[in-house]
Amino acid sequence: MLEVQSIYKQYDKKTVLENVSLSIGEGEIVGLVGENGAGKSTLLQLLATLMKPDAGEIYWQGLAYRQHVKAIKQQIGFVPQDLAIWEHFSVEDNMRYFERLSWKRIGIAACQQICRDMQLPQWKEPASSLSGGMKRKLNLAISLIHQPKLLLLDEPTVGIDMRSKQEIGRFLRQLAETHGTTIIYTSHDMNEIEQFTDRVLLIGKDRYYEELLRTKGIQVDCL
Ligand SMILES: Nc1ncnc2c1ncn2[C@@H]1O[C@H](COP(=O)(O)OP(=O)(O)O)[C@@H](O)[C@H]1O
Ligand SMILES: [Mg+2]
């Protein structure tokens, strides 16, 4: 379980997150939505231990981030908005490279299985030859090598074709169901959010998304 208690975050004098609290259970998929600049990436980076909140506490499985950052880090997979793959390496060599750096050594066969499950079959091909959607899949596959229990995805499906989007969404659902992985991801595509998430957290002051989601009958919690 992920528990966020009254966190605050400022950049210089600008407050981005103010008294944000939330709670997410094991195996839940939660969509994080809000207009540009609302603080979605900031919140994900705090949850990924890449930044610390100015005030407030975050707990993962009852462990406080402030005291147990090392242990918690090992259970987190974070996929930033920008691709972090080796373009000149094949899919296989990308997986080999990151498997070697991983907290957990799962072996290359298990890495290939992740790619298969994700419908990324171009094992021997250079990453540079992949479509945008396939590159996103590779980026996601890399983040799964250490078998994280908490997966944080910053716009994992931005700018990709419908088919890859569907395949990624279905893969995430399967991951949550079979491994109990807790997943938080951001997207601006409300159809995708409706289809693949269990519920939605809305961040920021823009009520446009709230109305849109409520018309679709989706449960929205405002942060
Ligand atoms: N490193 C930073 N330094 C200063 N301001 C930042 C930094 N990162 C983000 N911001 C500002 O904080 C606000 C929230 O940004 P962000 O979390 O990226 O929002 P979102 O992901 O919802 O678009 C924006 O106004 C952005 O300009
Ligand atoms: Mg962002």
Side-chain angles (χ1 to χ4, degrees), residues 2-24 28-60 65-66 69 72-73 76-85 132-133 135-140 142-144 148 150-161 164-165 168-169 172 182-214 216 218-223:
L2 179 72
E3 192 79 51
V4 172
Q5 294 178 355
S6 301
I7 56 168
Y8 289 76
K9 182 70 192 172
Q10 281 192 343
Y11 294 112
D12 304 319
K13 290 256 145 40
K14 187 176 180 226
T15 298
V16 177
L17 301 177
E18 191 173 5
N19 197 17
V20 168
S21 299
L22 58 94
S23 163
I24 301 177
E28 246 194 314
I29 305 187
V30 171
L32 181 62
V33 307
E35 81 270 14
N36 285 328
K40 302 181 295 297
S41 296
T42 300
L43 179 56
L44 287 185
Q45 287 172 62
L46 292 170
L47 297 177
T49 74
L50 300 177
M51 287 193 301
K52 289 195 175 89
D54 301 326
E57 296 293 338
I58 310 175
Y59 299 89
W60 169 248
Y65 271 45
R66 285 185 202 282
V69 69
I72 290 169
K73 236 186 220 303
I76 292 177
F78 175 58
V79 183
Q81 215 167 310
D82 301 315
L83 290 172
I85 57 178
K135 284 183 188 178
R136 287 270 157 201
K137 286 184 185 176
L138 176 56
N139 211 33
L140 180 55
I142 289 167
S143 78
L144 295 173
L150 175 60
L151 186 58
L152 307 165
L153 310 168
D154 204 349
E155 307 200 19
T157 57
V158 70
I160 67 172
D161 59 286
S164 296
K165 208 181 251 198
I168 289 175
L172 294 176
T182 301
I183 302 172
I184 307 177
Y185 83 92
T186 67
S187 172
H188 288 286
D189 180 341
M190 293 307 119
N191 292 325
E192 177 189 6
I193 290 282
E194 178 182 24
Q195 199 178 348
F196 297 117
T197 68
D198 297 311
R199 64 190 171 95
V200 172
L201 300 175
L202 175 67
I203 189 165
K205 293 179 179 59
D206 193 339
R207 295 286 81 116
Y208 170 76
Y209 286 99
E210 189 180 357
E211 281 168 35
L212 198 68
L213 290 160
R214 289 204 199 280
K216 284 178 176 287
I218 299 172
Q219 186 196 334
V220 189
D221 294 320
C222 299
L223 297 181

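One-based numbering, in listed order, for ligands and for the atoms of each.
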Does the side chain of Leu2 reach to within under 4.5 Å of the side chain of Ile58, using non-hydrogen atoms? yes

Just wondering, do Asp154 and Pro80 contact through their side chains at under 4.5 Å, heavy atoms? no

In a simple table, one pair per line, please give the protein and ligand 1 atom names for every N or O pair closer than 3.5 Å, along with the distance.
from, atom 1, to, atom 2, distance (Å)
ligand 1, 17 (O), Thr42, N, 2.9
ligand 1, 17 (O), Thr42, OG1, 2.5
ligand 1, 19 (O), Gly39, N, 3.1
ligand 1, 21 (O), Ser41, N, 2.9
ligand 1, 21 (O), Ser41, OG, 2.8
ligand 1, 22 (O), Ala38, N, 3.2
ligand 1, 22 (O), Gly39, N, 3.0
ligand 1, 22 (O), Lys40, N, 2.9
ligand 1, 22 (O), Lys40, NZ, 2.8
ligand 1, 23 (O), Gly37, N, 2.7
ligand 1, 25 (O), Lys14, NZ, 2.4

Any side-chain donor paired with an acceptor under 3.5 Å for Lys73 and Thr49? yes

Within the 3.5 Å criterion, strictly below it, is a donor on Thr15 or Gln10 matched to an acceptor on the partner's side chain? yes

Heavy-atom side-chain proximity of Leu17 to Leu46 below 4.5 angstrom: yes

Would you call Ile184 and Leu201 a side-chain contact if the rule is heavy atoms closer than 4.5 Å? no

Can you confirm whether Leu32 sits close enough to Leu44 that some side-chain heavy atom of one is under 4.5 Å from a side-chain heavy atom of the other? yes

Hey, does Gln81 have a side-chain heavy atom less than 4.5 Å from the side chain of Ser41? yes

Quick one: name the protein N/O/S atoms under 2.8 Å from the Mg ion (ligand 2), chain by chain. Ser41 OG

Does a salt bridge link Glu211 with Arg207, judged by any charged N lying under 4.0 Å from a carboxylate O? no

